[in-house]
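Report on the structure given below.
Residue indices begin at 1 and follow the sequence shown.
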Amino acid sequence: MLVDHKLCKSIRELTLQIDCTEMEITQECSGLKISGYGTIKINKNGCLYFELIFTSTSNTPRPSGFFKAIPADTIDPAQNLKLTARDILGIQYTTEGFSIRTPPFSWDAPNKIASTIQNLKFTPKHFPDTASKRTYFEFTESFKPPCNESTETKTATSEGVSWNRLTIKEGDIEAKFLIQNKYNSAYLKSSLSAEEAIECVRLYAGLSDGVFIQPYIWTQNDNGEETATINSINNAYTHYQYSNPIPSNLAIAGKVAIEHHCRLLVELILLRISSPDRFNSLYNNWTKAWHSGRSTNVVASLGLTTAIEGLLNDIYIKPIKANYQNQKIKTTIIEASSLIKELDGLESATRDYILNSLPYMANITPKKALDVLESISFLPENARKTWSKLRNYCSHPKTRIEEDPSFDSKTRSDFSSCIDTFHLLILGAIGHQGYVIMFNTPDRKIVEIPILPTFFHTNYLTQPDKPSTSL
């Protein structure tokens, strides 16, 4: 454990209160400085906030009779606000990227300023001096991986063994998970930063348990330099679960497939190290689908179908275009070009416009990409058809989808089919070999993940395109 147990418990139980003898807000571009004392707390929703009683100010804006926001432009990094605080034990905390409201009439001290903050960074007073780069974090989401190690439990009246640990080791990568009643902890040793490591574990937990883990605290040691971060979380996300293609209890021939789970996390870490653009595409599109799934059926369907399109554009279209060009289309384009050139009566500008438009017939669109992936039996039959229907239905709803009786009978099946397509596209891009649950089958059949032709990985994995920015 790299930080105080009591600190972590107070964050989990939403009772955190850090009493600060010194607090100061600064803005570099204006020279703004607001100094005083106060507290840092956490509210019932899991959001951090501070309350500053200022005793002195300098370079503050002139009161206008109205509340005024600082910074005026939250996107401009030059206007960024920074908070530095020191508690009664002498530990220094910092955060930035927040905004405040100025007093409407006077900056006379003492007065109070409060604001929510995204995180709070500090350096623990005591930590082991180690040269390894590793990350430790805790979260409360329901994550239940298949465990391969046990913990002995002893009370005054009984003893027992609990299988609540998962340890994964491969090369320089080491991951350990401890699953407890009220919270879970993770330890990851790799070359990744804390944020990168958490993204890998988050996607791993999402594919296995459908959860979006939110670490409320993490620490990282980088060659002996220890840093810790307390994070705001959203308690509304804690109990929501999205579809999970490789659940923790996935069993093959009556045996839990622990090796597939262990390999999946290692593959994600290696992918994040070797091809960050490709990993970012997988992570961002999965995050989009997860968050949209919490909304109405229309938004969930739209988020899912655009996430599929994003994966196709980022990862699959390039190798398909390089290896599946239709010779018949090429011949048709050549023949059409010859005929148009021989036509009489066409103005030169019109002829050039038509000739320049013909090559677009060979473009690989998301629909064509799905057709190709269907034809090589990587995706289930009618994957392109159900994706097109769902995309069209949620893009142009005639009524609110919740009030449309056709949703249960037709669209729900299309949604489940698109879920299967989405999962296979993610796992195929990772290169994961194992088993997956198909949601659009009777009794959610477990099938072996189809293997993509080698060139999909050769063309994309070594030469990734820029990730899609479409929403």
Side-chain angles (χ1 to χ4, degrees), residues 1-27 32 34-54 69-71 74-75 77 79-102 111-125 135-141 182-186 193-195 197-199 202 211-220 226-240 287 291:
M1 182 63 188
L2 305 173
V3 289
D4 185 10
H5 280 286
K6 292 182 179 179
L7 173 64
C8 296
K9 184 179 179 181
S10 68
I11 301 171
R12 285 196 303 272
E13 296 179 350
L14 307 179
T15 59
L16 174 71
Q17 178 168 324
I18 302 173
D19 296 312
C20 301
T21 56
E22 301 174 20
M23 296 185 78
E24 185 175 81
I25 297 173
T26 57
Q27 186 181 45
L32 170 73
I34 306 171
S35 305
Y37 60 92
T39 58
I40 300 172
K41 301 179 182 180
I42 188 169
N43 65 22
K44 64 179 181 180
N45 297 315
C47 184
L48 296 168
Y49 67 98
F50 69 84
E51 294 178 340
L52 166 62
I53 307 298
F54 63 82
I70 302 177
T74 57
I75 299 177
Q79 300 184 35
N80 208 23
L81 291 178
K82 182 177 181 179
L83 171 69
T84 304
R86 191 177 300 276
D87 69 6
I88 56 178
L89 299 177
I91 298 176
Q92 181 172 293
Y93 302 87
T94 61
T95 188
E96 55 186 57
F98 58 92
S99 61
I100 60 174
R101 291 199 308 173
T102 66
N111 205 337
K112 184 174 79 170
I113 287 180
S115 176
T116 58
I117 52 178
Q118 294 181 352
N119 54 52
L120 194 64
K121 299 181 180 181
F122 66 100
T123 300
K125 282 230 168 195
T135 300
Y136 173 89
F137 57 93
E138 296 182 2
F139 56 96
T140 57
E141 283 73 25
K182 294 184 178 180
Y183 73 98
N184 308 307
S185 60
S193 68
E195 291 86 350
I198 289 169
E199 286 181 353
R202 180 176 287 144
V211 296
F212 188 89
I213 64 171
Q214 303 175 92
Y216 53 82
I217 189 167
W218 79 60
T219 67
Q220 181 169 32
E226 187 80 15
T227 56
T229 303
I230 304 172
N231 294 283
S232 289
I233 66 170
N234 188 336
N235 283 332
Y237 294 170
T238 302
H239 302 292
Y240 175 74
T287 301
H291 283 289

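- Tyr93 and Asp87 share a donor-acceptor pair across their side chains, judged by distance under 3.5 Å alone.
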**OP:** I would like to know whether Leu7 and Leu16 meet side chain to side chain contact (heavy atoms under 4.5 Å, CB included); could you show each step before the answer?
**Re:** CA-CA 7 Å; Leu7 173 64; Leu16 174 71; 3.6 Å; yes
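- Between the Thr94 side chain and the Lys82 main chain, no donor and acceptor come within less than 3.5 Å of each other.
- In this structure, CZ on Arg86 lies 12.5 Å from CE on Met23, to the nearest 0.5 angstrom.
- Across all non-hydrogen atoms, the minimal contact from Leu48 to Ile230 is CD1-O, 3.5 Å.
- Ser10 has its side chain out of reach of Gln17: every pair of non-hydrogen atoms, C-beta onward, lies at least 4.5 Å apart.
- Between Lys6 atom NZ and Glu13 atom CD the span is 12.5 Å, to the nearest 0.5 Å.
- Within the 3.5 Å criterion, the main-chain N or O of Asn234 finds a donor-acceptor partner in the side chain of Gln214.
- No donor-acceptor pair closer than 3.5 Å links the side chain of Thr95 to the backbone N or O of Leu83.
- With hydrogens and angles disregarded, no donor-acceptor distance shorter than 3.5 Å links the side chain of Thr21 to the backbone of Ile88.
- A perpendicular orientation is assigned to the rings of Phe212 and Tyr237, their planes being inclined by more than 60° (bins at 30° and 60°).
- Scanning all heavy atoms of the two residues, the minimum distance from Gln79 to Pro71 falls at O-CB, 3.3 Å.
- The nearest pair of heavy atoms linking Ser193 to Gln220 is CA-NE2, 3.3 Å.
- Remark: Ile213 CD1 to Ile233 CD1 distance equals 11.5 Å, nearest 0.5 Å.
- In this structure, Thr74 OG1 and Phe98 CZ are separated by 13.0 Å, a value rounded to the nearest 0.5 Å.
- With a 4.5 Å cut-off on side-chain heavy atoms, Leu52 and Ile100 do not count as touching.
- By the neighbour-count criterion of 12 heavy atoms within 6.0 Å, atom CD of Gln92 is densely surrounded, having more than that number from other residues, nucleotides or ligands.
- Taking the six-membered ring where the residue is Trp, the centroids of Tyr183 and Tyr216 are separated by 6.0 Å or more.
- When all heavy atoms of Ala228 and Thr219 are compared, the pair lying nearest together is CB-CG2, 3.7 Å.
- Thr135 and Ala194 make their closest contact through OG1-CA, 3.6 Å (heavy atoms, listed as atom of the first residue, atom of the second, distance).
- Of the residues Ile40, Ile217, Asn231, Ile42, the one that meets the side chain to side chain contact (heavy atoms under 4.5 Å, CB included) test with Leu120 is Ile40.
- Panel note: side chain Glu138, backbone Ser185; no donor-acceptor pair is recorded below 3.5 Å.
- Separation of atoms CG (Leu81) and CD1 (Ile117) is listed at 12.5 Å; rounding is to 0.5 Å.
- Counting heavy atoms from C-beta outward, Phe122 and Ile18 have side chains that stay 4.5 Å or more apart.
- Contact detail for Thr123 and Ile91: the closest heavy-atom pair is O-CG2, 4.1 Å.
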**OP:** Test Ile70 against Ile25 for side chain to side chain contact (heavy atoms under 4.5 Å, CB included), laying out the working first.
**Re:** CA-CA 11 Å; Ile70 302 177; Ile25 297 173; over 6 Å; no
**OP:** Please report the C-alpha distance between Thr227 and Thr229 in whole Å, then the side-chain angles of each, then the deciding distance to 0.1 Å, and finally whether the side chain to side chain contact (heavy atoms under 4.5 Å, CB included) criterion is met.
**Re:** CA-CA 7 Å; Thr227 56; Thr229 303; 5.7 Å; no
**OP:** Apply the test side-chain hydrogen bond (donor to acceptor under 3.5 Å, both in side chains) to residues Glu24 and Ser35: give CA-CA distance (whole Å), side-chain angles for both, the deciding distance (0.1 Å), then the verdict.
**Re:** CA-CA 4 Å; Glu24 185 175 81; Ser35 305; 3.0 Å; yes
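- With rounding to the nearest 0.5 angstrom, the CD1 atom of Ile53 is 8.0 Å from the OG1 atom of Thr39.
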